[in-house]
Amino acid sequence: MNSALGIEETARHLISEETPLQTVMEESQRLTARHFSSQQNNSHTETNGKHWRMQLYAPIYVSSFCVNQCLYCGFRAPHSIQRKHLSVEETVGESQYLLQRGFKSQLIVAGESPKVSSAYLAEIMRRLRSMQVVPSIEVAPASVEQYAEIVAGGCRGITLFQETFDRTLYAKYHPAGPKSDYEWRVRALERAAEAGMPRIGYGVLLGLAEPRRELIAMMEHAAKLTAKYPDRIFAFSLPRIHEGPNGFAIPYQVSDELFVRMYCALRIIFPKAELVLSTRETPELRNQLASLCITQISAESSTEPGGYAINASQNSCAAKQSDDNFHGQFLVADCRSAQEIADWLTQYGHDVRW
Ligand code: SAM
Ligand code: SF4
């Protein structure tokens, strides 16, 4: 990043249509290769500065119970979906299924409910760590003490999307429940860092507010935390609203080009940050971004508690999702198997880590 310019000015330049996309993409690719390349690239692919290590991960949805009413989410409280909460034992079962598929990096995801206590999460962390899993969490915000308990259990990272940094819109999208407390949420990553969380994952839910302002607000927030906690790994995701609940119209559409620019801007301004991409996006776009800046990518994801046990018997993501009995958070857009994705990444030249 040109240090003479502030974050806002640099980011605005990078995401402006007047800045050639090709230039932004090339700079992003160069920086990713520089900071994430490994010695272990495949010998049959020549190293041309476009390859790096790529971490695969998979989410485990442990609970679809939720006391909040986020307007954009299929798990919101008023929805009469069939809800499910996994016991620690059932979670271990899902984890073992993913381990057999090769995934060591597993993300525990849950709605907000008293069932998802810090003691429950800490116990899951302990069980998964004992199986050599590298577990992380994406759950409701917690206190420093609660985060410390979860970290002591073996948690390696947190993902917590602010959704939007626009306070007025935040209040509109989160009309009730504990999540309506903007201040509690916007300070959660700092509390996690204070509790010793090794990896801190940011995100805004694209579609809720003007995307350029959102990106800049997130970057400015993160810049302060990276300065305060230089020993931590920082990560960013840019989830786009995908298949919101019936009746939820996406107020701010984000084009593919802007989406790519935003990820590239994150890479250029935070060259060492992990950039994370989920299965909310299509295979084509995921392949493109994986060749520009992404360093962590999910695969074969189920957004339904107990979804892997069900998948194991039905074994088709597309068929599974068209089933009337689908009770997940949202439908995934990339149904390729983890092996197919890994093969594509390896062929491209990346050093795929499970
Ligand atoms: N309940 C916790 C929370 O809200 O922070 C964590 C789990 S929640 C399922 C994880 C994230 O899913 C939310 O932070 C939100 O950004 C995202 N999400 C919700 N509805 C979505 C949708 N329709 N499309 C894409 N992402 C969505
Ligand atoms: Fe609950 Fe999280 Fe969905 Fe909001 S986004 S309804 S808190 S699961």
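Note that ligands are numbered from 1 as they come in the structure, with each ligand's atoms numbered from 1 the same way. Residue numbers run from 1 in the order of the sequence given. None of these values were measured; they are calculated from a predicted model.
- For ligand 2 and Asn68, the ligand atoms under 4.0 Å from any heavy atom of the residue are 7 (S).
- The shortest side-chain heavy-atom distance between Cys155 and Met197 falls under the 4.5 Å cut-off.
- In terms of modelled atom types and a separation under 3.5 Å, the side chain of Thr32 and the main chain of Leu292 share a donor-acceptor contact.
- Interface atoms of ligand 1 facing Glu138, defined by a heavy-atom separation under 4.0 Å, are 6 (C), 7 (C), 10 (C), 11 (C).
- Proximity to Gly111 (heavy-atom distance under 4.0 Å) selects the following atoms of ligand 2: 8 (S).
- Between atom 4 (Fe) of ligand 2 and Cys70 there is an N/O/S contact shorter than 2.8 Å.
- The Ile241 neighbourhood of ligand 1 comprises atoms 23 (N), 24 (N), 25 (C), with distances under 4.0 Å to a heavy atom of that residue.
- Ring orientation note: the planes of Phe165 and His221 are tilted relative to one another, at an angle of 30° to 60°.
- In terms of N/O distances under 3.5 Å, ligand 1 is approached by Glu163.
- Contacts of Lys179 with ligand 2, taken as heavy-atom pairs under 4.0 Å, involve the side chain alone.
- Under the 4.0 angstrom criterion for non-hydrogen atoms, Val109 is in contact with ligand 1.
- Within the 4.0 Å heavy-atom criterion, neither part of Arg76 lies near ligand 1.
- With Glu300 contributing its side chain and Ala338 its backbone, the two residues share a donor-acceptor pair below 3.5 Å.
- Tyr202 and Trp184 end up in different hydrophobic clusters when Ile, Leu, Val, Met, Phe, Trp and Tyr side chains are linked at under 4.5 Å.
- Of all the atoms in ligand 1, the ones that sit under 4.0 Å from a non-hydrogen atom of Gly111 are 1 (N).
- The distance from ligand 1 to the heavy atoms of Arg240 drops below 4.0 Å at these ligand atoms: 25 (C).
- Listed by chain and number, the hydrophobic cluster partners of Leu208 are Leu71, Tyr72, Leu169, Tyr173, Leu205, Ile241, Phe248, Ile250, where partners are ILVMFWY side chains within reach of under 4.5 Å, directly or through others.
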(request) Under the salt bridge (Lys or Arg N to Asp or Glu O under 4.0 Å) rule, what do Glu163 and Arg185 come out as? Steps first, then yes or no, please. (result) CA-CA 10 Å; Glu163 320 301 11; Arg185 193 167 182 92; 3.2 Å; yes

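- Each of Arg232, Arg156, Arg53 was compared with Glu274 under the salt bridge (Lys or Arg N to Asp or Glu O under 4.0 Å) criterion, and only Arg53 meets it.
- When Cys73, Cys66, Ala110 are ranked by how near their heavy atoms come to atom 2 (C) of ligand 1, first place goes to Ala110.
- Between Arg127 and Glu89 there is a salt bridge, with a side-chain nitrogen of the basic residue lying less than 4.0 Å from a carboxylate oxygen of the acidic one.
- Not one N or O of Glu112 is nearer than 3.5 Å to an N or O of ligand 1, by distance alone.
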